[in-house]
Protein chains: 2
Amino acid sequence: MTIDVTPVCPLPNDLPDTVQLAHGGGGRAMKRLIDTVFRTAFDNPYLAEEHDGALVETGPRSVLTTDSYVVWPLVFPGGDIGRLAVNGTVNDLAMCGARPRYMTAGFILEEGLAMASLTGIVGSMAEAASASGVPIVTGDVKVVDKGKADGLYINTAGVGELIAPDPIAPRQVHVGDAVIISGDIGRHGIAVMAARHELGLESEITSDCAPLAVPVLALIEAGIHLHCLRDLTRGGLASALVEVAETSGLAIAADEARIPVREDVRAACELLGLDPIYVANEGRFVAFVEAGDVEQALGILKRFDTCRDAAVVGSVADNPGGRVTMRGPLGAVRVVDMLSGEQLPRIC
Amino acid sequence: MTIDVTPVCPLPNDLPDTVQLAHGGGGRAMKRLIDTVFRTAFDNPYLAEEHDGALVETGPRSVLTTDSYVVWPLVFPGGDIGRLAVNGTVNDLAMCGARPRYMTAGFILEEGLAMASLTGIVGSMAEAASASGVPIVTGDVKVVDKGKADGLYINTAGVGELIAPDPIAPRQVHVGDAVIISGDIGRHGIAVMAARHELGLESEITSDCAPLAVPVLALIEAGIHLHCLRDLTRGGLASALVEVAETSGLAIAADEARIPVREDVRAACELLGLDPIYVANEGRFVAFVEAGDVEQALGILKRFDTCRDAAVVGSVADNPGGRVTMRGPLGAVRVVDMLSGEQLPRIC
């Protein structure tokens, strides 16, 4: 298999062109792969200890999170599996009100993966980790036989330092809260689908894959009363809102006309028979904010490129509890449910 | 695919018999799988928050570790991939001198995996986590299409609280240190190989898969001067010793006759043309201990079932730096290198 990934650094001459089973065997070949590919890219003092784990400094209250990444294709307009794996974990920490501090990385490689693809993706992870100031402090490499994976799968786990003074969680949502969306939706899902099926859309739609910790921490540091945050990944905006409504037992009323969707994304969705509120994003979130803080929160978010289209899209009420309703452009109100089946497998 | 795993709890009537792509889609089916299979088995207050991460209490110095597990077959004599995934991370934390506190779990499931296999393995993880007192506080589920995984892969990441007063790492090894092995070697590798190839060995050899934190913490709490610890997983005893010798720049001289190997394991190794010092273990470690503490350390270790065969197998010198030598039963001394290629893929 070959994937169009420009290696960040030229391959050392004595590494083979493809990943082999021996690279996961715990012996000389694995050590060489780790030293030349991973340690070089992720270079930091924690990895230099060459131990089974990393010793790190933590505060009294930490947030832990983990995600595995199986997106296909490995590279898509606007990102790749490596960038996604780092930003996804950064974002999950941010959604819990934590400053990302440390990350771990576990790789499952398929025998035969082009070494240049691996170095390209690892380089992309290193860039994303550095952009968010989060060192990858420890990791693991396994290799499975050809046909038992799909290029590579990555797991990242993250540790963050809790910054938010008050709990940020679905159960903290209050009646009267405003629902703010951080930007336009649907680009990641459409970008991956276009890459996978070679849709040949007129304009190239790129993934919104981006780290969200900086804007979220800016809201917290400004003292905005944030009750809940959710990133809009698998299942899209609709599933995130339904989860929060069900967990909090409250009602969320949203207004479809206020949800930012780019014209080309809307056109692609119509072509594919998709509703943008179910399409996955990798750099978007909703914030449940105390009503009095809304203008200040929007002002802060709009300072950041990834959040310049932030908008209020709804509000929280007590009835009908556990339900999400959406007012359409013509005024009709529908009940929104989670995605019931699978819209697009392996989107992240 | 079907695997002989007895489910720990009967399947809820409305779960399908096999894992489907929709179970990874971020919608209703995924929520149902998480609620009925994972949340039920791992039940704890952290998971009950239903958030993107878990808020945990940490001390000032934590240890992080991660490993992915791809062992095949998923179930083998003495364990399964779930038990391995929990104990492996518990052991990596112990090897860094830390008390295991929290764990994350990321699942990559293959479409078509029998739901009964999944519940059995998840139940086994829950048992192992409970036995080590480590809650699984957050997790993730992805599903890949049939033929793109091999049943399931699991990643665990762990956070431990550093207990050791002094650093425990390869660079801390001193000239004169004794090398203690915690028990007999080779059982995990042979058990997996026998299960995979239906070797029909006369006696059933079971994996040594076991948690090692309790004996290790007992050594630390007794004030034993532990300079380095290594669990003997992929690459076996030989690769672990070579790694420590190379990182520390010191010489390790071992005595083959002192290394405990069960007769049936030795016979199986001879049959298969394997050297037991390269065979993987999942419940064994070596400790580099200050010479004056050896008798006390052995006394402590032998109190624990998993360490009752603990023995001194070698010592550390300054020459030849970076090398491991092994004195054979007849007195000849050989230089030991890491495993150069791959002995047995997907052993863990």
Side-chain angles (χ1 to χ4, degrees), chain A residues 21-22 24-29 31 49-68 70 92-93 95-96 102 104 106 108 137-140 142 144-145 147-150 153 155 157 159 162 169-170 231 233-235 239 247 338-343 345-346, chain B residues 21-22 24-29 31 49-68 70 92-93 95-96 102 104 106 108 137-140 142 144-145 147-150 153 155 157 159 162 169-170 231 233-235 239 247 338-343 345-346:
Chain A
L21 279 173
R28 188 64 70 192
K31 182 162 174 15
E49 281 297 316
E50 307 199 24
H51 205 4
D52 286 336
L55 175 61
V56 298
E57 288 178 12
T58 40
R61 297 198 304 166
S62 296
V63 173
L64 302 187
T65 190
T66 191
D67 264 309
S68 295
V70 300
D92 279 343
L93 293 172
M95 294 306 117
C96 296
Y102 310 102
T104 68
I108 297 174
V137 296
T138 189
D140 172 56
K142 294 291 190 306
V144 296
D145 16 331
K148 299 296 182 192
D150 206 357
Y153 301 142
N155 176 283
V159 176
L162 187 73
D231 53 347
T233 57
R234 284 179 287 178
S239 300
T247 306
M338 277 188 190
L339 198 58
S340 65
E342 173 60 286
Q343 188 188 62
R346 299 180 53 194
Chain B
L21 279 173
R28 188 63 69 192
K31 182 162 174 16
E49 281 297 317
E50 307 199 24
H51 205 5
D52 286 337
L55 175 61
V56 298
E57 288 179 13
T58 41
R61 297 195 306 164
S62 297
V63 173
L64 302 187
T65 190
T66 191
D67 264 310
S68 296
V70 300
D92 278 344
L93 292 172
M95 295 304 119
C96 296
Y102 310 102
T104 68
I108 297 174
V137 297
T138 189
D140 173 55
K142 293 290 191 307
V144 295
D145 16 332
K148 298 297 182 190
D150 205 358
Y153 301 141
N155 176 284
V159 176
L162 188 73
D231 54 347
T233 57
R234 285 179 288 179
S239 300
T247 306
M338 278 186 189
L339 198 58
S340 65
E342 174 58 288
Q343 189 188 60
R346 299 181 52 194

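Chain identifiers are assigned alphabetically (A, B, ...) following the order of the sequence lines, protein sequences preceding nucleic acid strands; residue numbering begins at 1 within each chain. Heavy atoms only: backbone and side chains are in, while hydrogens, waters and symmetry mates are out. Computed from a predicted model, the values in this text were never measured in an experiment.
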Donor-acceptor pair, side chain of [X] and main chain of [Y], under 3.5 angstrom:
| X | Y | value |
| --- | --- | --- |
| B/D140 | B/G106 | no |
| A/K142 | B/S68 | yes |
| A/Y102 | A/A54 | no |

Checklist entry - Is there side-chain contact between A/D150 and A/V70, with heavy atoms separated by less than 4.5 Å? => result no
Item to check | Heavy-atom contact with chain B under 4.5 Å, split by part of A/L21 | outcome: both
Checklist entry - Of the backbone (N, CA, C, O) and the side chain (C-beta and beyond), which part of A/V144 lies under 4.5 Å from a heavy atom of chain B, both, or neither? => result both
Next on the checklist: Under a 3.5 Å cutoff, is there a donor and acceptor pairing between the side chains of B/T66 and A/N155?
Outcome noted: no
Relative to chain B, which of [options] shows the most heavy atom pairs under 4.5 Å?
| options | answer |
| --- | --- |
| A/R346, A/M338, A/H51 | A/H51 |
| A/G53, A/A29, A/P345 | A/G53 |
| A/V159, A/L93, A/V137, A/D145 | A/D145 |
| A/T247, A/T138, A/T233, A/D231 | A/T138 |

Donor-acceptor contacts, no H, no angles, side chain residues 58-65 of chain B, under 3.5 Å, sequence neighbours left out:
from	atom 1	to	atom 2	distance (Å)
B/T58	OG1	A/G59	O	2.5
B/T58	OG1	A/S62	OG	2.7
B/S62	OG	A/T58	OG1	2.7
B/T65	OG1	A/D52	O	2.7

Checklist entry - Side chain, backbone, both or neither: which part of B/V56 has a non-hydrogen atom closer than 4.5 Å to chain A? => result both
